[in-house]
Colleague: 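The following block contains the structure, expressed as structure tokens.
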Amino acid sequence: MAQSSYLYSLPACMLSLCVLVGTTSGQLSANFYASSCPNFSSIISSAVNSAISNEARMGASLLRLHFHDCFVNGCDASVLLDDTANFTGEKTAGPNNNSLRGFDVIDTIKSQLETSCPGVVSCADIVATAARDSVVALGGPSWNLVFGRRDSTTASLSAANSNIPAPTLNLSGLITSFSNQGFTTNEMVALSGSHTIGQARCTVFRARLYNENNINSSFAASLRSNCPSSGGDNNLSPLDVASPTSFDNAYFNNLLNQNGVLHSDQQLFNGGSTDAQVRTYGSNSATFLTDFANGMVKMSNLNPLTGSSGEVRTNCRRTN
Ligand code: HEM
Ligand SMILES: *[C@@H]1O[C@H](CO)[C@@H](O)[C@H](O)[C@H]1NC(C)=O
Ligand SMILES: *[C@@H]1O[C@H](CO)[C@@H](O)[C@H](O)[C@H]1NC(C)=O
Ligand SMILES: *[C@@H]1O[C@H](CO)[C@@H](O)[C@H](O)[C@H]1NC(C)=O
Ligand SMILES: *[C@@H]1O[C@H](CO)[C@@H](O)[C@H](O)[C@H]1NC(C)=O
Ligand SMILES: *[C@@H]1O[C@H](CO)[C@@H](O)[C@H](O)[C@H]1NC(C)=O
């Protein structure tokens, strides 16, 4: 739908449809499970809270799972499908292999939901809800989701490899990657604030420690102790050293001090067009949290399968 047709539909909205604005997106709706699975959201939030109390990092992992789902042909749980002898999923894509986590938590939630309301709640809706509840559990903002996403029967390794941004990208590469999914540069910067939680492996930031000069020297020295110039590929460091399990705006203040862990992180504050926004988020937490929540709503609505497309998987790891 072109932007301009929105203008023509405004009078209709004023007459009757305004109450729906903000609660529907395509065929998704806020009350999708109201009669078919009224407890779905409390089941998901309890399981997410319990997983995070076992391991705070799991909140970060569940947030990232949603991102890596949605950027690959929409939020359709394609990322959850296991490889089999005759099926290649997305789990071995470069950004996912030995990196993406949280599958067991999704399995636990799915099995609880299958007990309460068999065949009703999609894996894609579980992932979207778990990501939101994770951010809330770690002290971040909440947002209103709409539901009814259906699960794919396919996956795309090649789209996972090409659509998920790499930490080696420069600012223009990051802008392009997000623009390809319909996001503005401002939204890209807000969503990057996800790196206020979670961990990264030495292998994805080593080059920054040894080859780059836009890194704080004492910060680089502290990361090098756990990320030698060779070996230790899987050693972890927090993406936000200041507050690794709090969903706050510290990530942006880190960037002001050249304390970005990933090359791509520091690209957001490196003398380019996004510097001012990083400063704003660093000094105004509320602005960041609001923009982040709005960006997540938009991400959660990327290209869902609805109606009779796709299916509701009974096991998130395989098609029915
Ligand atoms: C802007 C472009 C982005 C790049 C280049 C990028 C790249 C990365 C990389 C390389 C890691 C470390 C993975 C590892 O070492 O195993 C990571 C972790 C993470 N990313 Fe991103 N990311 C980006 C945007 C996002 C977005 C938009 C979100 C969520 C909306 C997100 C959420 C996360 C989280 C929460 C973690 C930590 C995961 C954990 O601890 O399990 N990232 N990201
Ligand atoms: C639904 O959730 C409420 C509270 O969240 C709980 O009291 C009730 O037992 C749950 N019902 C079922 C069938 O799980
Ligand atoms: C893939 O293999 C399984 C058995 O491992 C079989 O049930 C299924 O029909 C096969 N699917 C296709 C598309 O060949
Ligand atoms: C994924 O990681 C495993 C090691 O756990 C490795 O053997 C395999 O080659 C990797 N796959 C790809 C496609 O990189
Ligand atoms: C960003 O990266 C692309 C691809 O690697 C390169 O062509 C481009 O020149 C880079 N832009 C800047 C400003 O460095
Ligand atoms: C380096 O980081 C420290 C704290 O992490 C900060 O106090 C200092 O100002 C930073 N230096 C630069 C040049 O940004």
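Both counts, for ligands and for their atoms, begin at 1 and track the order of listing.
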Colleague: Please report the shortest heavy-atom distance between L80 and V127, naming the atom on each side.
Modeller: CD1-CG2, 3.9 Å
Colleague: Going by the closest heavy atom to atom 3 (C) of ligand 6, which one wins out of N216, N254, N214, I215?
Modeller: N216
Colleague: Counting from 1, what ligand 1 atoms have a heavy atom of S192 closer than 4.0 Å?
Modeller: 1 (C)
Colleague: Of D291, T290, N284, which is the lone residue that meets side-chain hydrogen bond (donor to acceptor under 3.5 Å, both in side chains) with T287?
Modeller: N284
Colleague: Which ligand 5 atoms, with their elements, are less than 4.0 angstrom from a heavy-atom of S172?
Modeller: 1 (C), 11 (N)
Colleague: Side chains of D240 and H195 only: does a donor on one sit below 3.5 Å from an acceptor on the other?
Modeller: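 The answer is no; no qualifying pair exists.
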Colleague: What about Q258: any of its N or O atoms under 3.5 Å from an N or O on ligand 6?
Modeller: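 There is no such contact.
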Colleague: Check each atom of ligand 1 against the heavy atoms of L262 and keep those under 4.0 Å away; list them by number with element.
Modeller: 7 (C), 8 (C), 9 (C), 10 (C)
Colleague: Closest non-hydrogen protein atom to atom 24 (C) of ligand 1, residue and atom name please, with distance?
Modeller: F67 CE2, 3.4 Å
Colleague: Which residue holds the protein heavy atom closest to atom 4 (C) of ligand 6, what is that atom called, and what is the gap in Å?
Modeller: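 Nearest protein contact, heavy atoms only, for atom 4 (C) of ligand 6 is N259 ND2, 4.0 Å.
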Colleague: Considering the heavy atoms of F178, write down every atom of ligand 1 situated less than 4.0 Å from one of them.
Modeller: 1 (C), 2 (C), 27 (C)
Colleague: So, does N249 use its side chain to make a donor-acceptor pair with the main chain of G282 at under 3.5 Å?
Modeller: yes
Colleague: From the options Q181, H68, R201, select the one whose nearest heavy atom is closest to atom 15 (O) of ligand 1.
Modeller: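 Residue with the shortest heavy-atom distance to the ligand atom: R201.
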Colleague: Between S225 and S222, is there a donor-acceptor pair closer than 3.5 Å when you use the side chain of the first and the backbone of the second?
Modeller: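 Flag set: sc S225 to bb S222 pair under 3.5 Å.
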Colleague: Determine whether any protein heavy atom is located less than 4.0 Å from atom 7 (O) of ligand 6.
Modeller: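 No, there is no protein heavy atom closer to it than 4.0 Å.
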Colleague: Whether the R313 and S152 side chains hold a donor-acceptor pair (N or O, under 3.5 Å, no angle test) is what I'd like checked.
Modeller: yes
Colleague: Short list, please: which atoms of ligand 1 are under 4.0 Å from a heavy atom of L239?
Modeller: 18 (C), 19 (C), 36 (C), 37 (C)
Colleague: Starting from atom 35 (C) of ligand 1, locate the nearest protein heavy atom and write down its residue, its atom name and how far away it is, to 0.1 Å.
Modeller: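 Result: A60 O, 3.1 Å.
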Colleague: If you measure from the Lys or Arg side-chain nitrogens to the Asp or Glu carboxylate oxygens, is any gap between R317 and D83 under 4.0 Å?
Modeller: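 No.
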Colleague: With atom 23 (C) of ligand 1 as the reference point, say which of Q199, H195, M299 has the nearest heavy atom.
Modeller: H195
Colleague: I'd like to check which ligand 1 atoms, numbered from 1 as shown, lie under 4.0 Å from a non-hydrogen atom of S264.
Modeller: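 Numbered from 1, ligand 1 contributes 5 (C).
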Colleague: Determine, for E311 against R150, whether the closest basic-nitrogen to carboxylate-oxygen distance falls under 4.0 angstrom.
Modeller: no
Colleague: Checking S230 against R206: is there a side-chain donor and acceptor pair closer than 3.5 Å?
Modeller: no
Colleague: Would you say atom 13 (C) of ligand 5 touches the protein, meaning some protein heavy atom is under 4.0 Å from it?
Modeller: no
Colleague: Considering only protein heavy atoms, which is closest to atom 9 (O) of ligand 6, and at what distance to one decimal place?
Modeller: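 Minimum-distance protein heavy atom for atom 9 (O) of ligand 6 reads N257 OD1, 3.8 Å.
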Colleague: I'd like to know if the side chain of T92 pairs up with that of N97 as donor and acceptor (distance under 3.5 Å, no hydrogens or angles considered).
Modeller: no
Colleague: Considering distance alone, does some N or O of S99 sit under 3.5 Å from an N or O of ligand 1?
Modeller: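 By distance alone, the answer is yes.
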Colleague: Going by the order shown, which atoms of ligand 1 are within less than 4.0 Å of some heavy atom of P165?
Modeller: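 Answer, ordered by atom number: 2 (C), 3 (C), 4 (C), 5 (C).
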Colleague: Tell me whether S218 has any N or O atom under 3.5 angstrom from an N or O of ligand 6.
Modeller: no
Colleague: Do N186 and T184 have side-chain atoms, one donor and one acceptor, less than 3.5 Å apart?
Modeller: no
Colleague: For atom 41 (O) of ligand 1, what's the nearest protein heavy-atom neighbour? Residue, atom name and distance, please.
Modeller: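 Looking at atom 41 (O) of ligand 1, the protein heavy atom closest to it is S61 OG, 2.7 Å.
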Colleague: Would you say the side-chain atoms of N257 and N216 include a donor-acceptor pair closer than 3.5 Å?
Modeller: no
Colleague: Should you measure from each heavy atom of L174, which atoms of ligand 1 turn up under 4.0 Å away?
Modeller: 1 (C), 2 (C)
Colleague: With respect to atom 34 (C) of ligand 1, which of R64, E187, R57, M188 exhibits the smallest heavy-atom separation?
Modeller: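 It is R64 whose heavy atom sits nearest to atom 34 (C) of ligand 1.
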Colleague: Quick one: look up the protein heavy atom nearest atom 10 (C) of ligand 1 and list residue, atom name and how far away it is.
Modeller: P167 CG, 3.6 Å
Colleague: State, without any angle test, whether Y281 and N253 hold a side-chain donor-acceptor pair at a distance under 3.5 Å.
Modeller: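 No, no side-chain donor-acceptor pair sits under 3.5 Å.
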Colleague: Run the salt-bridge test on D82 and K91 with the 4.0 Å N-O cut-off and return the result as yes or no.
Modeller: yes
Colleague: Give me the ring orientation class for F71 and F178: parallel if the planes are under 30° apart, tilted from 30 to 60°, perpendicular past 60°.
Modeller: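 Taking F178 first and then F71, their aromatic rings stand perpendicular (interplane angle over 60°).
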Colleague: Go through ligand 1 atom by atom and flag the ones less than 4.0 Å from a non-hydrogen atom of A166.
Modeller: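 Close to A166: 5 (C).
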Colleague: Can any side-chain N or O of S192 pair as donor or acceptor with the backbone N or O of M188 at less than 3.5 Å?
Modeller: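 Checked: pair present.
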Colleague: Any heavy atom of V204 closer to ligand 1 than 4.0 angstrom?
Modeller: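 Flag set, V204 near ligand 1.
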Colleague: Which heavy atom of the protein is the closest neighbour of atom 5 (O) of ligand 5, given with residue, atom name and distance?
Modeller: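 Answer, as residue, atom name and distance: N170 ND2, 4.6 Å.
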Colleague: Between the candidates S194, C202, G102, which shows the shortest non-hydrogen contact distance to atom 28 (C) of ligand 1?
Modeller: S194
